[in-house]
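Heads up: the structure comes next, in C-alpha cells.
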Amino acid sequence: SVVSTQGFPVLFEGYSPATFGKLVLSTKIGALNAKSATVVDGALTSLKTDKPVQTIAIWLSHYGVFMSDGTVVTGISDDIQNYFDPSKTECIRRGYEDKMWLFYDSLYNIIRIGLVSGVSATKANAFPVFDLIELKWTFDVLTQPFSSMCEVEAASGDIGILQYGGGTIDGYIYQSNTT
C-alpha cells in the first residue's frame with residue numbers, strides 16, 4: 001500500500017511483517033498536511049477498458065496535485081497549475097498549509113480539494129474537483145466553505161455513506177450529501 005510518512009509518499013510491500021519492504025516514491029513532492037492526502041482503494045480512474053481498477057494515493061503539494069499507483073508519481077494538476085505558481089495572484093498561500101485539504105468523494109468518484117488561494121485568504125476559498133473517470137478538473141461553489149471533509153458509514157437509512165464537512169465561517173459540522 002502507499003502511505004505518507006513525514007509528508008512523503010512511501011510504498012510498503014510484503015506478505016508479513018518479516019517481508020515488508022519500504023520504498024520512498026519522492027523526497028521532494030510531499031503532502032502539505034495530514035488532511036491533504038488520501039488512498040483510494042479500488043479506484044476506477046478511467047472509462048477505458050484497458051485501465052485496471054487499482055489502489056492509488058493522491059495528495060496535495062506545494063508543487064501541485066499528485067497521484068501514484070505505488071510505482072511512479074504523476075502530476076495531475078496541469079489544468080489548475082496556476083494555483084501552484086508563485087508568480088500568479090491566485091497561488092496557494094504559504095504559511096496556511098494546515099488550512100488546505102483533499103478528500104475522496106466515493107459517491108461521485110471525485111477528488112475534492114480546498115485551497116487557501118490569494119495573498120489575503122486565511123481559509124479555504126477555492127474548491128477544485130478532479131473527476132477520476134473523465135480525468136478533468138472543474139470547480140465547486142460551496143455555500144458554506146469547509147475546512148475539511150470525511151465520510152462515515154451510516155448506521156441506518158437510505159444513504160449508506162454520510163459526508164461531513166467542518167464549516168470555516170461558523171465552526172459548525174455540516175452533512176453534505178443529504179438535503
Side-chain angles (χ1 to χ4, degrees), residues 1-13 20-48 50-118 121 123-140 142 145-151 163 165:
S1 70
V2 179
V3 297
S4 177
T5 61
Q6 297 177 344
F8 301 115
V10 175
L11 171 67
F12 287 98
E13 290 185 306
F20 286 157
K22 173 177 136 178
L23 172 65
V24 177
L25 298 174
S26 175
T27 57
K28 180 179 179 182
I29 306 171
L32 290 180
N33 62 51
K35 301 183 296 187
S36 65
T38 189
V39 174
V40 182
D41 190 22
L44 180 61
T45 57
S46 175
L47 291 174
K48 297 178 183 173
D50 61 337
K51 287 256 241 203
V53 174
Q54 57 189 345
T55 299
I56 56 173
I58 301 172
W59 67 96
L60 180 60
S61 162
H62 280 284
Y63 305 103
V65 183
F66 294 88
M67 179 169 69
S68 179
D69 62 359
T71 56
V72 296
V73 174
T74 305
I76 60 171
S77 54
D78 289 348
D79 292 342
I80 62 165
Q81 200 57 38
N82 53 314
Y83 286 94
F84 305 97
D85 182 348
S87 69
K88 307 288 185 189
T89 58
E90 66 272 17
C91 183
I92 60 172
R93 189 158 183 212
R94 303 290 177 164
Y96 290 84
E97 291 85 355
D98 64 324
K99 307 292 187 216
M100 296 184 229
W101 53 271
L102 180 144
F103 166 73
Y104 172 63
D105 183 332
S106 66
L107 179 63
Y108 296 107
N109 198 32
I110 58 175
I111 299 297
R112 296 180 181 276
I113 299 176
L115 299 175
V116 179
S117 168
K123 299 176 182 174
N125 61 347
F127 302 97
V129 175
F130 185 69
D131 187 317
L132 289 169
I133 300 293
E134 298 294 327
L135 304 177
K136 294 187 186 214
W137 287 97
T138 58
F139 281 84
D140 203 352
L142 301 177
F146 292 147
S147 60
S148 64
M149 288 185 74
C150 70
E151 288 188 342
Q163 295 177 346

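The structure presented is a predicted model; accordingly, all values stated were derived computationally and were not measured.
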Would you say the side-chain atoms of S77 pair up with the backbone N or O of G64, donor to acceptor, closer than 3.5 Å?
no
Should F130 and L135 count as side-chain neighbours, where that means a heavy-atom distance under 4.5 Å?
yes
Can you name the closest pair of heavy atoms from Y83 and A126 and give their distance?
CE2-CB, 3.9 Å
Rounded to the nearest 0.5 Å, how far does CD1 of I58 lie from OH of Y104?
8.5 Å
Can you tell if the side chain of C91 reaches within under 4.5 Å of the side chain of F84, non-hydrogen atoms only?
no
I'd like to know whether S117 forms a side chain to side chain contact (heavy atoms under 4.5 Å, CB included) with I92, so could you lay out the CA-CA distance, the side-chain angles of the two residues, the decisive distance to 0.1 Å, and finally the verdict.
CA-CA 4 Å; S117 168; I92 60 172; 5.5 Å; no
Does S68 reach the side chain of T74, with side-chain heavy atoms less than 4.5 Å apart?
no
Does any non-hydrogen side-chain atom of M100 lie less than 4.5 Å from one of L60?
yes
Do Y108 and D131 have a side chain donor and acceptor closer than 3.5 Å?
no
Does the side chain of E97 pick up a donor-acceptor pair with the side chain of N33 at under 3.5 Å?
no
More than 12 heavy atoms of other groups within 6.0 Å of K99 NZ
no
Is there a side chain to side chain contact (heavy atoms under 4.5 Å, CB included) between W59 and S36? Walk through the geometry before answering.
CA-CA 6 Å; W59 67 96; S36 65; 5.6 Å; no
Considering non-hydrogen atoms only, spot the tightest contact between A37 and A31 and give its length.
CB-CB, 4.2 Å
Could you tell me which residues satisfy salt bridge (charged side-chain N to carboxylate O under 4.0 Å, His left out) with R93, sequence neighbours excluded, listed by chain and number?
none
Rounded to the nearest 0.5 Å, what separation is found between the CZ atom of F103 and the NZ atom of K35?
13.5 Å
Over 12 foreign heavy atoms within 6.0 Å of OH, Y63:
no
Given L32 and W101, is the side chain to side chain contact (heavy atoms under 4.5 Å, CB included) satisfied, shown in steps?
CA-CA 8 Å; L32 290 180; W101 53 271; over 6 Å; no
Could you give the distance from CG (N109) to CD (E134), rounded to the nearest 0.5 Å?
10.5 Å
Tell me, do I76 and I111 make a side-chain contact under 4.5 Å, heavy atoms counted?
no
Between W137 and I113, is the side chain to side chain contact (heavy atoms under 4.5 Å, CB included) condition met? List the steps.
CA-CA 11 Å; W137 287 97; I113 299 176; 3.6 Å; yes
Spacing of CZ belonging to R112 relative to OG1 belonging to T38, to within rounding of 0.5 Å
13.5 Å
Taking only residues two or more places apart in sequence, or in another chain, which ones meet D79 in a side chain to side chain donor-acceptor pair (under 3.5 Å)?
none
